[in-house]
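This report refers to the structure that appears directly beneath it.
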Amino acid sequence: MSPPHYRLLRGSELDDTSLLDAWGQAQALHPALQNPYFSPEFTRAVAAVRNDVRVLVREDGGRASGFFPHQRSAFGWGRPVAGPLSDFHGVIGAPGLEWELEPMLRAAGLAGWSFDHLVGDTRAFEAYTSGRSMSPQIDLRQGFDSYVAERRAAGSDYIPKTEGLARKLARDAGELRFTLHDTAPDAMAQMFAWKRQQYAQSGLVDVFGVRWTVALIRRLAGTDC
């Protein structure tokens with residue numbers, strides 16, 4: 001079998017329909033990759049607010065088979081797309097696709113690539129992994145009510161505590177209302193203000209004090225991915 005061929009694109013050049021279709025198909029075939037952080041729409045959104053986003057396209061037999069989105073520093077070091085705003089990192093390809101990291105990084109022109117939330121096909125990364133941990137998840141496949149019932153039956157105190165906090169918040173601030181995907185400018189501005197205040201009080205880095213992060217969140221709010 002002949003070795004794969006690689007093409008390096010700027011994130012802003014990711015507009016070929018055939019490439020986007022191949023990316024989506026590879027993502028759909030791999031359960032671990034079926035989240036928005038691995039979607040081409042997310043990479044394109046980040047590329048719209050940053051000029052260092054690159055996508056290495058892997059081709060086998062003349063067809064696109066895998067994708068390695070990343071950000072490139074001035075010193076040739078790679079990071080996940082969106083950096084700390086990205087919760088999952090990895091390469092995109094159908095299950096079982098074998099990756100050789102050294103040829104991949106050479107084709108991308110990278111001296112190395114940092115990651116801390118690697119999922120998907122991780123075999124090629126084993127020698128470069130320094131630690132492992134479990135990421136918390138909420139299983140809502142059967143609906144929220146089933147999730148709550150299962151957690152109560154398991155003896156978790158998380159649900160009662162959360163309900164108690166919600167009742168206190170309702171007493172202090174008024175009736176609570178949940179709105180899915182609210183893109184109103186006022187709501188976004190209030191969220192940014194609250195989060196920046198929280199960062200300041202907690203002594204954490206003000207993520208929304210950086211211009212591109214705010215631009216990205218606003219762009220994602222209008223994107224269905």
Side-chain angles (χ1 to χ4, degrees), residues 6-17 19-20 22-24 26-27 32-58 66-92 104-105 107-120 125 128 135-136 179-225:
Y6 294 102
R7 284 194 292 147
L8 184 62
L9 303 176
R10 289 181 174 273
S12 58
E13 299 173 327
L14 191 63
D15 55 5
D16 186 311
T17 301
L19 284 182
L20 296 175
W23 186 322
Q27 188 185 11
L33 303 181
Q34 293 174 17
N35 73 71
Y37 291 108
F38 289 121
S39 70
E41 291 85 359
F42 181 72
T43 294
R44 294 177 71 186
V46 180
V49 299
R50 296 185 61 97
N51 62 11
D52 59 353
V53 176
R54 304 290 184 271
V55 177
L56 186 69
V57 180
R58 169 178 168 160
F67 303 86
F68 172 46
H70 57 278
Q71 288 179 193
R72 177 186 174 85
S73 74
F75 303 101
W77 197 266
R79 301 180 64 202
V81 170
L85 297 188
S86 172
D87 287 348
F88 296 103
H89 311 153
V91 289
I92 292 93
M104 183 186 81
L105 291 179
L110 296 177
W113 180 64
S114 300
F115 60 87
D116 53 42
H117 285 75
L118 189 69
V119 298
F125 298 87
Y128 309 98
S135 293
T179 302
L180 180 65
H181 197 60
D182 188 345
T183 60
D186 290 347
M188 294 285 288
Q190 183 64 75
M191 184 274 291
F192 287 133
W194 280 336
K195 290 300 295 183
R196 296 193 69 179
Q197 182 182 27
Q198 179 188 28
Y199 291 141
Q201 292 174 344
S202 304
L204 300 175
V205 174
D206 182 2
V207 175
F208 297 122
V210 182
R211 182 178 300 178
W212 74 266
T213 62
V214 175
L216 175 61
I217 298 300
R218 292 191 183 280
R219 181 173 289 271
L220 291 174
T223 303
D224 185 12
C225 67

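Position 1 is the first residue of the sequence, and the numbers go up from there. Computed over heavy atoms, backbone and side chain alike; hydrogens, waters and symmetry mates excluded. These numbers come from a predicted model, not from an experiment.
- Contacts of Asp206 classified as side-chain hydrogen bond (donor to acceptor under 3.5 Å, both in side chains), with partners at least two apart in sequence or in another chain: Arg196.
- Here the closest heavy-atom approach between residue Leu19 and residue Phe67 is recorded as O-CZ, 3.6 Å.
- Taking the side chain as every heavy atom from C-beta outward, His89 and Asp116 approach each other to under 4.5 Å.
- At a threshold of 4.5 Å between non-hydrogen side-chain atoms, the residues Arg10 and Arg54 count as touching.
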I'd like to know whether Val46 forms a side-chain contact (heavy atoms from CB on, under 4.5 Å) with Gln71, so could you lay out the CA-CA distance, the side-chain angles of the two residues, the decisive distance to 0.1 Å, and finally the verdict. CA-CA 10 Å; Val46 180; Gln71 288 179 193; 3.8 Å; yes
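- By the side-chain hydrogen bond (donor to acceptor under 3.5 Å, both in side chains) test, Ser114 is found to be paired with Trp77, residues two or more places apart in sequence or in another chain being considered.
- Not counting sequence neighbours, the partners of Arg50 by the salt bridge (Lys or Arg N to Asp or Glu O under 4.0 Å) test are Asp52.
- Closest non-hydrogen pair, Leu216 versus Ala82, comes out as CD2-CB, 4.3 Å.
- Here the straight-line distance linking atom CG of Leu110 with atom CZ of Arg72 works out to 5.5 Å at 0.5 Å rounding.
- In this structure, the side chains of Met104 and Tyr6 come closer than 4.5 Å at one or more pairs of heavy atoms.
- When all heavy atoms of Thr183 and Ala221 are compared, the closest pair comes out as CG2-O, 3.1 Å.
- Every residue two or more places apart in sequence or in another chain that forms a ring-ring contact (aromatic ring centres under 6.0 Å, His included) with Phe115 is listed here: Trp113, Phe125.
- Residue pairs meeting the ring pair (Phe, Tyr, Trp, His ring centres under 6.0 Å) criterion with at least one member in residues 182-219, sequence neighbours excluded, are Phe192-Phe208.
- The minimum heavy-atom distance between Ile92 and Leu33, with the atom names listed, is CA-CD1, 3.9 Å.
- Separation of atoms OG (Ser86) and NE2 (His70) is listed at 14.0 Å; rounding is to 0.5 Å.
- For Asp182, the side-chain contact (heavy atoms from CB on, under 4.5 Å) criterion is met by Thr179, Ala184, Ala187, not counting sequence neighbours.
- Between Ala45 and Leu220, the closest heavy-atom pair is CB-CD2, 3.7 Å.
- Listed by chain and residue number, nothing satisfies the side-chain hydrogen bond (donor to acceptor under 3.5 Å, both in side chains) test with Gln34 (two or more places apart in sequence, or in another chain).
- Within the 4.5 Å cutoff, the side chain of Trp23 has heavy atoms near those of the Leu14 side chain.
- Residues passing the ring-ring contact (aromatic ring centres under 6.0 Å, His included) test with Tyr128: none are found, sequence neighbours excluded.
- Partners of Phe38 by ring-ring contact (aromatic ring centres under 6.0 Å, His included), not counting sequence neighbours: none found.
- Applying the side-chain contact (heavy atoms from CB on, under 4.5 Å) criterion to Ala47, with sequence neighbours excluded, gives Val53.
- Under the rule for a side-chain hydrogen bond (donor to acceptor under 3.5 Å, both in side chains), the partners of Arg7 that lie at least two apart in sequence or sit in another chain are Glu59.
- Remark: of the listed residues Val55, Val81, Leu20, Leu20 is the sole one forming a side-chain contact (heavy atoms from CB on, under 4.5 Å) with Arg44.
- Contacts of Asp87 classified as salt bridge (Lys or Arg N to Asp or Glu O under 4.0 Å), with partners at least two apart in sequence or in another chain: none.
- Between Asn35 and Gln27 there is no side-chain heavy-atom pair separated by less than 4.5 Å.
- In this structure, the separation between OG1 on Thr43 and CG on Leu9 is 11.5 Å, given to the nearest 0.5 Å.
- No side-chain heavy atom of Leu204 sits under 4.5 Å from any side-chain heavy atom of Gln198.
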